[in-house]
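Here the structure is a predicted model, which means the values were calculated and not measured.
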Amino acid sequence: MKNTGKYARSYFTPPECPMRWAQKEYIDRAPGWCSVDLRDGNQALVIPMGLEEKLDFFQFLVSIGFKEIEVGFPAASETEYTFCRALIEQKLIPEDVTIQVLTQSRPHIIEKTFEAIRGAENVIVHLYNSTSAAQREQVFKKSKEEIIDIALSGARLLQQYREKAGIPYQFEYSPESFTGTEPEFALEICNRVLDVWKPSGKEKVIINLPVTVELSLPHIYANQVEYISEHLHMREQVILSLHPHNDRGCAVADTELALLAGGERVEGTLFGNGERTGNVDIVTLALNLYSHGIDPQLDFSDMPAVVELYERTTGMRVGDRQPYGGKLVFAAFSGSHQDAIAKGMRWRGASDSARWNVPYLPIDPRDIGREYEADVIRINSQSGKGGIGYLLEQHFGFNLPPKMREQLGYTVKSVSDHQHKELSPQEVCDIFYQTYVGLSSPIELIDCHYKRSSARLHAEVSVRINGEERLLPGEGNGRLDSVSNAFKQNLGISYSNLRYTEHALETGSTARAAAYVGIQSVSGETCWGAGVHEDIIMASIIALTSAINRLLSAGDRENAPLH
């Protein structure tokens with residue numbers, strides 16, 4: 001890359017960095033959540049949501065469990081104002097839900113904001129002004145003290161409007177562009193605002209530390225948060241909030257480390273929607289907690305519904321690899337991954353373990369409304385025998401012998417490779433049938449009859465070969481053995497080492513059975529066949545006939561022509 005010399009770090013490290021947060025191993029409780037989808041996320045859309053879409057989104061956020069929802073910047077546009085009024089006038093805000101509104105520290109904007117929330121009881125009024133060195137120098141051309149005066153004048157106005165309304169609105173302050181602000185100055189301006197508001201008793205103030213632009217490694221933000229947390233005035237009366245953006249792709253890491261460092265509340269969006277690279281993704285944060293056994297206090301048990309609502313109302317698309325929500329995040333195409341998942345699931349079923357610990361799956365897909373059969377094992381040219389076998393077992397009940405499963409795996413992979421496509425479970429089953437089940441060429445099985453004399457069983461096998469029906473007699477120790485001998489003695493077919501397994505496909509009096517037969521040719525190749533029938537003996541004879549047909553179709557030179 002050229003021009004690296006034009007870039008240098010533009011963040012500030014705190015004067016004291018004990019990094020106490022680094023000694024903590026995990027987050028032990030869910031933070032307070034505030035959805036900013038309807039402001040941060042909405043303002044980032046090419047076509048912002050209309051009123052009805054916003055109402056749908058708000059009600060869906062409530063159903064997920066959000067207790068704080070930022071509904072917009074009411075003074076920014078008529079649409080924003082109308083939405084806020086619609087929520088209040090239509091009484092759509094539950095008693096246990098608090099709406100949040102954003103305002104700059106400007107008198108006419110603050111006035112319009114308080115007009116918008118008239119009639120609402122549970123409201124957070126979020127005041128902000130930018131404090132970064134770059135903004136002070138380039139945009140506002142103001143000194144630090146002048147920037148503090150902007151914040152304090154807004155803080156005093158909020159107090160006046162709250163007193164006039166007679167409603168205990170909660171206040172929040174953000175030093176916007178916090179990550180580009182000297183920590184000592186960010187601390188000073190937050191403490192000066194706190195000194196105006198003087199929170200006490202149950203009346204807590206939210207101090208929000210936004211990663212307006214990601215400028216550093218995540219641990220730097222954690223250090224900044226720890227510094228502010230340990231030096232705030234009236235800390236016990238403050239809720240320390242985080243609002244990370246994702247410019248460096250580290251918003252989740254920023255947030256998780258900052259929660260260890262003293263953060264108590266998170267403002268974010270579903271799937272990280274927001275300006276530029278977006279806000280922190282609350283879905284990922286919440287389900288990361290869930291994967292560690294912590295109740296996130298948000299309900300994502302129907303992830304397909306969350307994705308559908310998000311895509312419908314925003315016009316955005318959840319990426320296939322988006323953590324937890326993407327349609328391929330649990331999918332395993334790799335053969336080794338599929339095999340490990342299949343074995344892990346079988347082990348789990350056999351051990352009845354209460355703990356989730358399946359290879360390659362950090363959480364149980366069913367816990368968020370996803371299905372193993374549709375989402376986990378996906379078949380293409382990279383797939384292996386384990387995944388293909390697991391898919392046939394889960395969808396259709398077939399439990400193939402390992403060596404047969406291996407052979408089928410190569411066949412399925414070859415079909416996918418030549419067709420350049422993923423194969424559906426039904427397509428895999430069709431390949432299995434076409435390759436192994438009930439094969440009738442060159443030998444078509446018609447019927448079998450048996451009779452016993454002394455210790456031997458005699459079989460008469462009716463077959464059709466090249467359009468000619470023939471009756472093949474044979475005897476052996478059992479039915480399958482006698483039929484096998486009938487084929488060998490009457491048709492001049494040579495094979496050995498017959499392997500046989502069977503199982504029921506269903507339950508009940510009319511249940512079908514599946515049988516699998518493998519035979520070894522003189523050259524050492526094992527040919528497999530399968531049979532499906534209500535009678536298990538007939539299923540085994542069909543499987544043997546299929547195996548012999550595969551042997552003959554392979555052109556084994558040691559076998560004489562049918563005669």
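For the pair Leu209 and Tyr221, the tightest heavy-atom approach, listed with the atom from each and the gap, is O-OH, 2.6 Å. Annotation for Leu45 and Thr314: closest pair CD2-O, 3.6 Å, computed over non-hydrogen atoms. Shown here for Ala151 and Val193, the closest heavy-atom pair between the two residues is CB-CG2, 4.0 Å. When all heavy atoms of Val101 and Pro74 are compared, the pair lying nearest together is CG1-CG, 3.7 Å. For the pair Ser174 and Asn208, the tightest heavy-atom approach, listed with the atom from each and the gap, is OG-ND2, 2.9 Å. Closest non-hydrogen pair, Ser35 versus Leu61, comes out as OG-CD1, 3.3 Å.
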(request) Start with the C-alpha gap between Asp430 and Gln426, add the side-chain angles, then the distance that decides, and say whether side chain to side chain donor-acceptor pair (under 3.5 Å) holds. (result) CA-CA 6 Å; Asp430 290 344; Gln426 186 58 58; 2.9 Å; yes

(request) Dump the intermediate steps for salt bridge (Lys or Arg N to Asp or Glu O under 4.0 Å) on Lys54 and Glu80, then the final yes or no. (result) CA-CA 10 Å; Lys54 290 180 118 182; Glu80 299 277 282; 2.6 Å; yes

(request) I would like to know whether Tyr324 and Tyr290 meet side-chain contact (heavy atoms from CB on, under 4.5 Å); could you show each step before the answer? (result) CA-CA 11 Å; Tyr324 301 108; Tyr290 183 71; over 6 Å; no

(request) For side-chain contact (heavy atoms from CB on, under 4.5 Å), just list the numbers for Arg346 and Glu393, CA-CA rounded to whole Å, side-chain angles, deciding distance to a tenth of an Å, and then say yes or no. (result) CA-CA 11 Å; Arg346 292 191 184 99; Glu393 183 177 357; 2.9 Å; yes

(request) Show the numbers, then the answer: is there a salt bridge (Lys or Arg N to Asp or Glu O under 4.0 Å) between Lys343 and Asp339? (result) CA-CA 6 Å; Lys343 288 175 179 174; Asp339 186 59; 2.9 Å; yes

(message) Before you tell me yes or no, could you show the steps for His243 and Asp40 under side chain to side chain donor-acceptor pair (under 3.5 Å), namely the whole-Å CA-CA distance, both residues' side-chain angles and the distance that decides it to 0.1 Å?
(response) CA-CA 10 Å; His243 185 118; Asp40 266 60; 3.2 Å; yes

(message) side chain to side chain donor-acceptor pair (under 3.5 Å), that's the test. Do Trp21 and Asn223 meet it? Break it down for me.
(response) CA-CA 8 Å; Trp21 59 265; Asn223 288 341; 2.9 Å; yes

(message) Under the criterion side-chain contact (heavy atoms from CB on, under 4.5 Å), I'd like the reasoning laid out for Leu87 against Phe58: C-alpha separation, chi angles, the key distance, then a yes or no.
(response) CA-CA 9 Å; Leu87 289 173; Phe58 178 86; 3.6 Å; yes

(request) Please step through salt bridge (Lys or Arg N to Asp or Glu O under 4.0 Å) for the pair Glu203 and Arg162, ending with a clear verdict. (result) CA-CA 13 Å; Glu203 182 190 300; Arg162 181 171 63 180; 3.6 Å; yes

(request) Quick one: do Glu68 and Arg265 satisfy salt bridge (Lys or Arg N to Asp or Glu O under 4.0 Å)? Show the steps, please. (result) CA-CA 10 Å; Glu68 295 179 2; Arg265 176 181 185 265; 2.7 Å; yes

(message) What verdict does the side chain to side chain donor-acceptor pair (under 3.5 Å) test give for Gln322 and Asp281, after you've listed the backbone C-alpha separation in whole Å, the side-chain angles of each residue and the deciding distance to 0.1 Å?
(response) CA-CA 10 Å; Gln322 176 79 21; Asp281 176 10; 2.9 Å; yes

(request) Report the C-alpha distance between Arg317 and Asp320 in whole Å, list the side-chain angles of each, state the deciding distance to 0.1 Å, and finish with yes or no for side-chain contact (heavy atoms from CB on, under 4.5 Å). (result) CA-CA 9 Å; Arg317 181 176 175 273; Asp320 290 349; 2.7 Å; yes

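Note on ring orientation: taking the six-membered ring where Trp is involved, the planes of Tyr516 and Phe432 are tilted (angle from 30° to 60°). Classification of the Phe57-Tyr310 ring pair by plane angle, with boundaries at 30° and 60°, yields perpendicular.
Screening Val213, Leu217, Thr277 for a side chain to side chain contact (heavy atoms under 4.5 Å, CB included) with Arg248, the sole residue that qualifies is Leu217. Among Leu92, Thr98, Asp96, the single residue meeting the side chain to side chain contact (heavy atoms under 4.5 Å, CB included) criterion with Pro94 is Asp96. When Val280, Asp254, Val225 are each tested for a side chain to side chain contact (heavy atoms under 4.5 Å, CB included) with Val211, only one passes: Asp254.
Judged by distance alone, the side chain of Thr131 and the main-chain N or O of Glu176 form a donor-acceptor pair under 3.5 Å. A donor-acceptor pair under 3.5 Å is formed between the side chain of Ser416 and the backbone N or O of Lys421. A donor-acceptor pair under 3.5 Å is absent between the side-chain atoms of Gln394 and the main chain of Leu391, judged by distance alone. No side-chain donor-acceptor contact under 3.5 Å links Ser216 to the backbone of Ile220. The main-chain N or O of Tyr410 is never found under 3.5 Å from a side-chain atom of Ser414 such that the two would form a donor-acceptor pair. A donor-acceptor pair under 3.5 Å is formed between the side chain of Gln237 and the backbone N or O of Gly201. Although no hydrogens or angles enter the test, the distance criterion places a donor-acceptor pair under 3.5 Å between the side chain of Glu311 and the main chain of Val318. Counting only distance, with no hydrogens or angles, the side chain of Trp356 and the backbone of Leu361 share a donor-acceptor pair below 3.5 Å. In this structure a side-chain-to-backbone donor-acceptor pair under 3.5 Å is present from His503 to Asn399. Here the side chain of Arg85 pairs no donor or acceptor atom with the backbone of Thr82 at under 3.5 angstrom.
To the nearest 0.5 Å, the span separating CD1 on Ile69 from CD1 on Ile93 amounts to 9.0 Å. Distance OG/Ser77 to CD/Gln43: 10.5 Å, rounded to 0.5 Å. From Gln224, atom CD reaches atom CG of Leu215 across 8.5 Å, with rounding to the nearest 0.5 Å. In this structure, CD1 in Ile124 is found 6.0 Å from SG in Cys34, a value given to the nearest 0.5 Å. Between atom CD1 of residue Ile64 and atom CG of residue Leu309 there is a gap of 7.0 Å, rounded to the nearest 0.5 Å. One finds the CD atom of Glu70 at 10.0 Å from the CG atom of Asp37 (value rounded to the nearest 0.5 Å).
The distance between the ring centers of Phe66 and Trp33 does not fall below 6.0 angstrom. Side-chain rings of Phe114 and Tyr169 approach one another, their centers coming within less than 6.0 Å.
Under the 4.0 Å criterion applied to side-chain N and carboxylate O atoms, Arg20 and Glu230 are assigned as salt-bridge partners. Electrostatic pairing of Lys204 and Glu264 does not count as a salt bridge here, judged by no charged N lying under 4.0 Å from a carboxylate O. Classification of Arg512 and Glu506 as a salt-bridged pair holds, one side-chain N sitting under 4.0 Å from a carboxylate O.
Taking a 6.0 Å sphere around CG of Asn357, one finds it holds 12 or fewer heavy atoms contributed by other residues, nucleotides or ligands. Enclosure of atom CZ in Arg29 is not indicated, since only 12 or fewer non-hydrogen atoms of other residues, nucleotides or ligands lie within 6.0 angstrom.
At least one cation-pi condition fails for Arg370 and Phe330: the charged atom is not both under 6.0 angstrom from the six-membered ring centre and inside a 45 degree cone around its axis.
In this structure, the side chains of Ile88 and Arg118 stay at 4.5 Å or more apart for every pair of heavy atoms.
Glu53 and Thr313 share no side-chain donor-acceptor pair at under 3.5 Å.
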